[in-house]
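Only heavy atoms go into these numbers, but all of them, side chains included; no hydrogens, no water, no symmetry mates. Chain naming here is simple, since letters A, B, ... match the order of the sequence lines and numbering starts at 1 in each. Keep in mind that this is a model prediction, so the values were computed, not measured.
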2 protein chains.
Amino acid sequence: MLSFTEENYLKALVQLTIFEEGVTEVGVNRLAEYLGVKPATVSDMVRKLKKKALVNYERYGKISLTEEGRFLGMMVIRRHRLWETFLQQKLDFSWDEVHELAEDLEHIHSKKLINRLDAFLDHPEFDPHGDAIPNREGEILIPFRRTLNDGESGKRYKIIAVKDNSSEFLKYLDKLGIAINDEATIINKESFDELITIRFNGKERVLSPKVTDYLFVICASCLKAKKCDC
Amino acid sequence: MLSFTEENYLKALVQLTIFEEGVTEVGVNRLAEYLGVKPATVSDMVRKLKKKALVNYERYGKISLTEEGRFLGMMVIRRHRLWETFLQQKLDFSWDEVHELAEDLEHIHSKKLINRLDAFLDHPEFDPHGDAIPNREGEILIPFRRTLNDGESGKRYKIIAVKDNSSEFLKYLDKLGIAINDEATIINKESFDELITIRFNGKERVLSPKVTDYLFVICASCLKAKKCDC
DNA sequence: GAATTTTGTTAGGCTAATCTAACTTTATAT
DNA sequence: ATATAAAGTTAGATTAGCCTAACAAAATTC
Ligand SMILES: [Mn+2]
Ligand SMILES: [Mn+2]
Ligand SMILES: [Mn+2]
Ligand SMILES: [Mn+2]
């Protein structure tokens, strides 16, 4: 059985080497920074995870997940996102509150519990932040995700997920009236300061890159494909 | 903030000094036995809890809870019993499965979460084992509880709670067809081997003291009083 | 009231997860 | 191709929670 801490290392590795576009391995320093610990600590832990066959790693080399490590990391994320969905849908928490609570709940291990929870929620596909929920095999839909900042003027986009789950960011979106599944048209793109003006639900808003860089979108014409290369 | 372990010590102390009839303090050995650790370990931990003003204790003396310690211990039990109720009512777990899972869930700290859960469940009074759920002030109904083994032949009793939450015991009750809130009449009490025969719901069962000692009852004539001295 | 048993404490050690400080290896830039 | 910078490792310390073994105090028994 994995400890709390070991699970958090695996989860971090999934985030950094699978969800991060085009990266399949990370260094000790990057992982340490991500987890908020010192490189020395990661150095030790990674040796331990290697002994358990959860990561690939050689002295002074890069770290990547093994099949088993990837699966276990995905399970942590599955639990996290299912609990977030439960908290929002059944206990009426707002989307900026659920992440914190799920950080603890994700470490409750029972397989049966999490599958019952999944059924109770009617097998949700996405969590409150628009992130896909891995299935019980650890498989997940990882779409090519572009941000609103990459969008073109005049085109229409659907907001499918947020890249930042922090309470501050999510509350700001609430204030702007922006929510997952909203469709917005870019009516202006200022190249000087990267300000983007969008129109949606009859409203008009000016957004800075601090927002547009953290909103994942799909262009309206690719909606069915759940993938957008155009 | 209390650790997992500290919370388990406080919970154990509530069980031993508040729920156990007529006991207000315990020794190091008893607590160690209850928690499944060595006395030396308890000796250390109790000094730590005293420094945090959660227990009253002097070297070579008995251990009891302070006001604060009692409250925090009660909160652990409140969370435990609310989660048990959730698991049974919403996720369809059976009463012999919920205790194990609640052992982990009880350590999730958010006050808001537990109060939302309470509301979601419609403020239940009792958990799946018939145990009263402490309210948010840490208050609890502690009825005078007698077991079926103390009952008299010919009288009618309602089964209100079980004293043992183990899966084995609860499954045996399922097999006998005995459930919380059943009403049964004692039709025979054998003084030689303490076997008790009851009739309930048209069935008749012979019970050993291993069962009758672990079923809390109230006599049918005192049902409204929720307390039974007769 | 002394001997024995029970109960509780202390000293010293272990493991997991963290740190700091000193060091080594690898990468980058002249 | 060196020098410098960046990345990674190691040694030694700390804290929480546990252990065993030796000891001390308190309670019981004779
Ligand atoms: Mn989250
Ligand atoms: Mn999420
Ligand atoms: Mn229980
Ligand atoms: Mn219970």
Side-chain angles (χ1 to χ4, degrees), chain A residues 1-13 15-17 20 23-65 69 72-73 76 103-104 106-109, chain B residues 1-13 15-17 20 23-65 69 72-73 76 103-104 106-109:
Chain A
M1 189 92 317
L2 295 181
S3 72
F4 241 71
T5 309
E6 290 169 319
E7 285 194 339
N8 282 333
Y9 275 76
L10 294 182
K11 184 176 63 149
L13 283 168
Q15 307 279 13
L16 291 173
T17 69
E20 207 92 318
V23 184
T24 59
E25 45 175 37
V26 274
V28 166
N29 280 352
R30 177 78 186 95
L31 182 52
E33 175 198 51
Y34 188 84
L35 286 167
V37 300
K38 299 291 160 183
T41 309
V42 169
S43 222
D44 283 349
M45 178 58 94
V46 162
R47 243 184 307 111
K48 196 170 130 199
L49 292 174
K50 185 195 158 83
K51 211 177 322 163
K52 293 196 181 183
L54 300 173
V55 301
N56 307 117
Y57 164 76
E58 297 301 332
R59 222 158 141 267
Y60 289 106
K62 296 291 176 189
I63 310 155
S64 64
L65 287 163
L72 292 173
V76 181
E103 286 294 308
D104 292 330
E106 73 188 14
H107 299 291
I108 306 283
H109 278 113
Chain B
M1 190 93 314
L2 294 181
S3 72
F4 225 81
T5 309
E6 290 170 318
E7 285 195 338
N8 282 333
Y9 275 76
L10 295 182
K11 184 176 63 151
L13 283 167
Q15 307 278 15
L16 291 173
T17 69
E20 207 91 318
V23 185
T24 58
E25 45 176 37
V26 275
V28 167
N29 281 351
R30 177 80 186 91
L31 183 53
E33 175 198 49
Y34 188 85
L35 286 168
V37 298
K38 299 292 161 182
T41 309
V42 169
S43 225
D44 283 349
M45 178 57 94
V46 161
R47 242 182 307 111
K48 195 170 130 197
L49 292 174
K50 185 196 158 81
K51 212 176 322 161
K52 293 196 181 186
L54 300 173
V55 301
N56 307 117
Y57 163 75
E58 296 303 331
R59 221 159 141 265
Y60 290 105
K62 296 292 177 188
I63 309 155
S64 65
L65 288 163
L72 293 173
V76 181
E103 286 294 308
D104 293 329
E106 74 188 11
H107 299 290
I108 306 281
H109 278 112

According to a strict under-4.0 Å criterion, is A:K62 in side-chain N/O contact with OP1 or OP2 of D:dG8? yes
Does OP1 or OP2 of C:dA16 have a side-chain N or O of A:Y9 closer than 4.0 Å? no
Straight-line distance of [X] [atom1] to [Y] [atom2], nearest 0.5 Å:
X	Y	atom1	atom2	value
A:E25	A:L31	CD	CG	13.0 Å
B:S64	B:L16	OG	CG	12.5 Å
B:L2	B:H107	CG	NE2	11.0 Å
B:E6	B:L54	CD	CG	7.5 Å
A:T17	A:R30	OG1	CZ	11.5 Å
A:D104	A:E106	CG	CD	8.0 Å

Compare all side-chain heavy atoms of B:K11 with those of B:L35 and state whether any distance is below 4.5 angstrom. no
Is there a side-chain contact between A:P39 and A:V28, using heavy atoms and a 4.5 Å cut-off? yes
Per the under-4.0 Å heavy-atom filter, residues of residues 25-35 of chain B near DNA chain C come out as B:G27, B:V28, B:N29
Protein and nucleotides 10-15 of chain D: nitrogen or oxygen contacts under 3.5 angstrom:
unit_1 : atom_1 : unit_2 : atom_2 : d
D:dT10 : OP1    : A:R59  : NE     : 3.0
D:dT10 : OP1    : A:R59  : NH2    : 3.4

Between [atom2] of [N] and [atom1] of [X], the distance in whole Å:
X	N	atom1	atom2	result
B:L49	D:dA16	CG	P	12 Å
A:E58	C:dT26	CD	C1'	16 Å
B:I63	C:dT7	CD1	P	13 Å
B:K38	C:dT7	NZ	C1'	15 Å

Closest to the A:Y60 side chain, choosing from D:dC18, C:dT9, D:dG8: D:dG8
So what does B:F4 touch, heavy atoms closer than 4.0 Å: a base, only the sugar-phosphate, or nothing? nothing
Non-neighbouring partners of A:V55 that pass side chain to side chain contact (heavy atoms under 4.5 Å, CB included), sequence neighbours left out: A:L13, A:V46, A:L49, A:K50, A:Y57, A:I63, A:L65
